[in-house]
Amino acid sequence: MIIVLKPDATEKQIRHIQERIKKLGLKTMVSKGIERTIIGVIGEEDILRVQPLEAIEGVEKVMPVLKPYKLASREFKRESSIIDISGVRIGGEEVVVMAGPCAVESLDQLKRIAKLVKKSGAKILRGGAFKPRTSPYSFQGLGEEGLKYLKEVSKETGLPVVTEVMDPRKVKLVDEYADAFQIGARNMQNFDLLKEVGKTKKPVILKRGMSATIKELLMSAEYILSGGNFNVILCERGIRTFEEATRNTLDLSAIPVIKKLSHLPVIVDPSHATGKWEFVSSMAAAAVACGCDGLLIEVHYKPEEALSDGIQSLKPDKFDELMSTLRKVSRAIGRNI
Ligand code: PEP
Ligand code: MN
């Protein structure tokens with residue numbers, strides 16, 4: 001249920017409506033748009049159907065939200081959200097490129113890659129300290145040591161850092177080091193993890209599960225939003241289909257579809273979507289043309305020695321070339337990089 005307020009509704013009236021709803025055992029979330037303020041009601045809202053809420057001063061209309069996600073929906077917030085990752089804005093005119101190695105392997109490796117991607121125009125450094133590997137025998141990441149390197153390199157380069165958190169018990173730790181959390185495809189429906197990051201104020205990049213529908217992705221976002229953290233960025237990273245030529249199938253249509261359904265920014269990860277470096281650049285350009293708000297790209301100066309995802313990592317010169325292509329594509333659609 002959403003309550004659309006009159007354009008001249010006062011703060012006092014807003015508080016009054018919130019208190020009324022709270023007394024009924026429900027939670028409210030206020031969205032102040034340019035033209036209208038909307039109050040989203042969450043919880044078992046059947047009780048509201050018999051309450052004459054439209055009689056309360058300041059209320060223009062009460063509308064049921066038929067979709068199962070409410071706070072993530074365009075109905076709740078008409079204007080697109082802009083999420084700020086330590087000064088870098090995602091969801092505005094600029095298309096933000098986040099790049100780095102799949103895994104943090106050493107301080108030197110991270111520093112070297114961070115400097116290279118920054119020089120080419122990346123605005124955010126990404127690298128995993130906790131790695132969700134299919135095999136327990138594969139490199140699992142450096143853990144807290146990796147987080148320390150991320151912080152150090154962030155200080156030195158001025159690039160904010162994004163890193164994955166896999167365990168609800170590690171949210172506090174990762175929060176101390178990172179500028180934004182990444183929730184990986186395999187954890188998109190780890191509801192305890194979603195609830196835990198929902199308690200923080202830090203931006204969360206939520207990746208689409210490899211077999212998840214767009215609706216399920218938005219329901220997972222709803223977990224974070226309903227916890228009070230509105231700083232959610234959605235990431236399309238390819239879904240599993242019958243096709244075997246690529247690691248996953250990049251669902252480019254997810255970009256306009258999500259933009260229609262939700263106010264949250266959408267970024268694309270062409271590295272995990274294709275799984276092969278030679279297909280990354282064309283899919284990155286296509287994603288920008290389709291209106292994504294940012295990209296996540298894996299870069300390594302020696303892919304053949306990378307401890308994870310070397311096959312899909314771009315070498316720095318290829319990344320640099322890609323950045324010039326992306327500048328042209330973004331200019332053509334009235335955006336910039
Ligand atoms: C990653 O970003 O390194 C990663 C493991 O991605 P995904 O969760 O999309 O597989
Ligand atoms: Mn990876």
Side-chain angles (χ1 to χ4, degrees), residues 85 96-105 109-110 113 117 122 124-136 138-143 146-147 149-150 161-167 170 174 178-190 193-194 197 203-212 214 216-217 220-221 232-241 246-252 254-255 258 266-277 279-280 283-284 287 292 294-315 319:
I85 301 185
V96 176
V97 177
M98 314 177 189
C102 177
V104 178
E105 297 169 6
Q109 173 247 22
L110 188 65
I113 296 175
V117 298
I124 291 180
L125 175 65
R126 63 135 279 157
F130 297 100
K131 295 304 306 175
R133 305 306 298 277
T134 303
S135 164
S138 300
F139 177 58
Q140 302 286 308
L142 295 179
L147 295 177
Y149 297 161
L150 282 162
V161 291
V162 175
T163 198
E164 178 158 356
V165 59
M166 299 199 298
D167 182 337
K170 294 269 162 58
V174 176
D179 296 280
F181 296 113
Q182 175 179 312
I183 295 204
R186 290 157 191 81
N187 274 312
M188 188 203 84
Q189 286 188 319
N190 180 340
L193 181 60
L194 300 175
V197 295
V204 181
I205 295 177
L206 177 64
K207 294 185 109 181
R208 180 179 181 182
M210 56 189 88
S211 306
I214 290 172
E216 284 162 343
L217 172 63
S220 288
V232 176
I233 297 162
L234 303 170
C235 179
E236 163 60 39
R237 46 77 73 205
I239 48 175
R240 190 162 278 184
T241 67
T246 48
R247 185 173 177 182
N248 292 286
T249 298
L250 180 58
D251 180 9
L252 283 173
I255 306 165
I258 294 172
V266 185
I267 65 167
V268 168
D269 171 353
S271 305
H272 292 87
T274 60
K276 293 186 179 139
W277 71 266
F279 305 132
V280 169
M283 296 322 283
C292 72
L295 292 164
L296 266 188
I297 296 178
E298 290 189 340
V299 176
H300 203 290
Y301 49 83
K302 254 204 172 147
E304 69 272 24
E305 285 176 17
L307 296 181
S308 73
D309 287 347
I311 301 167
Q312 66 194 32
S313 299
L314 286 184
K315 284 190 181 162
F319 177 69

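Keep in mind that what you see is a predicted model, and the values were worked out from it rather than measured. Order of appearance sets the numbers: ligands from 1, and atoms from 1 within every ligand. This chain uses plain numbering: 1 for the first residue, then up along the sequence.
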TODO: Mark yes or no for whether Ser271, through its side chain, and Glu298, through its backbone, hold a donor-acceptor pair below 3.5 Å.
DONE: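 A pair under 3.5 Å: yes.
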- [ ] To the nearest 10 degrees, calculate the angle at the Mn ion (ligand 2) involving NE2 of His272 and SG of Cys102.
- [x]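 The angle at the Mn ion (ligand 2) comes to 170°, rounded to the nearest 10°.
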Open item on the list: Using the Mn ion (ligand 2) as the vertex, how large is the angle between OD2 of Asp309 and OE2 of Glu298, rounded to 10 degrees?
Closed with: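 Vertex the Mn ion (ligand 2), arms to OD2 of Asp309 and OE2 of Glu298: 130°.
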Show which atoms of ligand 1 fall inside a sub-4.0 Å distance from at least one heavy-atom site of [X].
{"X": "Glu298", "result": "3 (O)"}
{"X": "Gln182", "result": "1 (C), 2 (O)"}
{"X": "Ala185", "result": "7 (P), 8 (O), 9 (O)"}
{"X": "Arg186", "result": "7 (P), 8 (O), 10 (O)"}
{"X": "Arg126", "result": "1 (C), 2 (O), 3 (O)"}
{"X": "Gly184", "result": "8 (O)"}
{"X": "Lys131", "result": "1 (C), 3 (O)"}
{"X": "Arg237", "result": "7 (P), 9 (O), 10 (O)"}

- [ ] May I ask you to check if ligand 1 and Asp309 share an N or O to N or O distance below 3.5 Å?
- [x]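 It does not: no N or O of Asp309 is found under 3.5 Å from an N or O of ligand 1.
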Open item on the list: Quick check: do Leu206 and Met188 have side-chain heavy atoms less than 4.5 Å from each other?
Closed with: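 Yes; the side chains approach each other to less than 4.5 Å.
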Task: Interatomic spacing from CD in Glu164 to NZ in Lys131 - rounded to 0.5 Å - done: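 Glu164 CD to Lys131 NZ: 6.0 Å, rounded to 0.5 Å.
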- [ ] Calculate, to the nearest 0.5 Å, the distance between atoms CD1 and CD1 belonging to Ile205 and Ile85 respectively.
- [x]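 Reported to 0.5 Å precision, the distance equals 4.5 Å.
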- [ ] Tell me yes or no: between the side chains of Glu305 and His300, is some donor less than 3.5 Å from an acceptor?
- [x]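 No - no donor-acceptor pair under 3.5 Å links their side chains.
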Task: Non-hydrogen atom of Cys102 closer than 4.0 Å to ligand 1 - done: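 Within the 4.0 Å threshold, so yes.
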- [ ] Could you tell me whether ligand 1 has any atom less than 4.0 Å away from a heavy atom of Met210?
- [x]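 No; Met210 lies far enough from ligand 1 that no heavy-atom distance drops under 4.0 Å.
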- [ ] List the atom of Ser135, the atom of Gln140, and the distance in Å for their closest heavy-atom pair.
- [x]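 Looking at all heavy atoms of both residues, the shortest contact is O-NE2, 3.3 Å.
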Open item on the list: Is it the case that atom NZ in Lys302 sees more than 12 heavy atoms from other parts of the structure closer than 6.0 Å?
Closed with: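 At most 12 heavy atoms, drawn from other residues, nucleotides or ligands, come within 6.0 Å of this atom.
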Open item on the list: Surrounding CD1 of Ile214 (heavy atoms of other residues, nucleotides or ligands, distance under 6.0 Å), is the total greater than 12?
Closed with: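 Atom CD1 in Ile214 is packed in, count exceeds 12.
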Open item on the list: Given Asp269, which partner from the list Arg208, Lys207, Arg237, Arg247 fulfils the salt bridge (charged side-chain N to carboxylate O under 4.0 Å, His left out) test?
Closed with: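 One option only clears the test, and that one is Lys207.
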Task: Distance from atom 7 (P) of ligand 1 to nearest protein heavy atom, with residue and atom - done: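 Checked against all protein heavy atoms, atom 7 (P) of ligand 1 sits closest to Lys207 NZ, 3.5 Å.
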Task: Protein contact to atom 4 (C) of ligand 1 [nearest heavy atom, distance to 0.1 Å] - done: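 Answer, as residue, atom name and distance: His272 NE2, 3.3 Å.
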Task: Name of the residue among Val165, Leu193, Val197 meeting side-chain contact (heavy atoms from CB on, under 4.5 Å) with Val204 - done: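 Single side-chain contact (heavy atoms from CB on, under 4.5 Å) partner of Val204 among Val165, Leu193, Val197: Val197.
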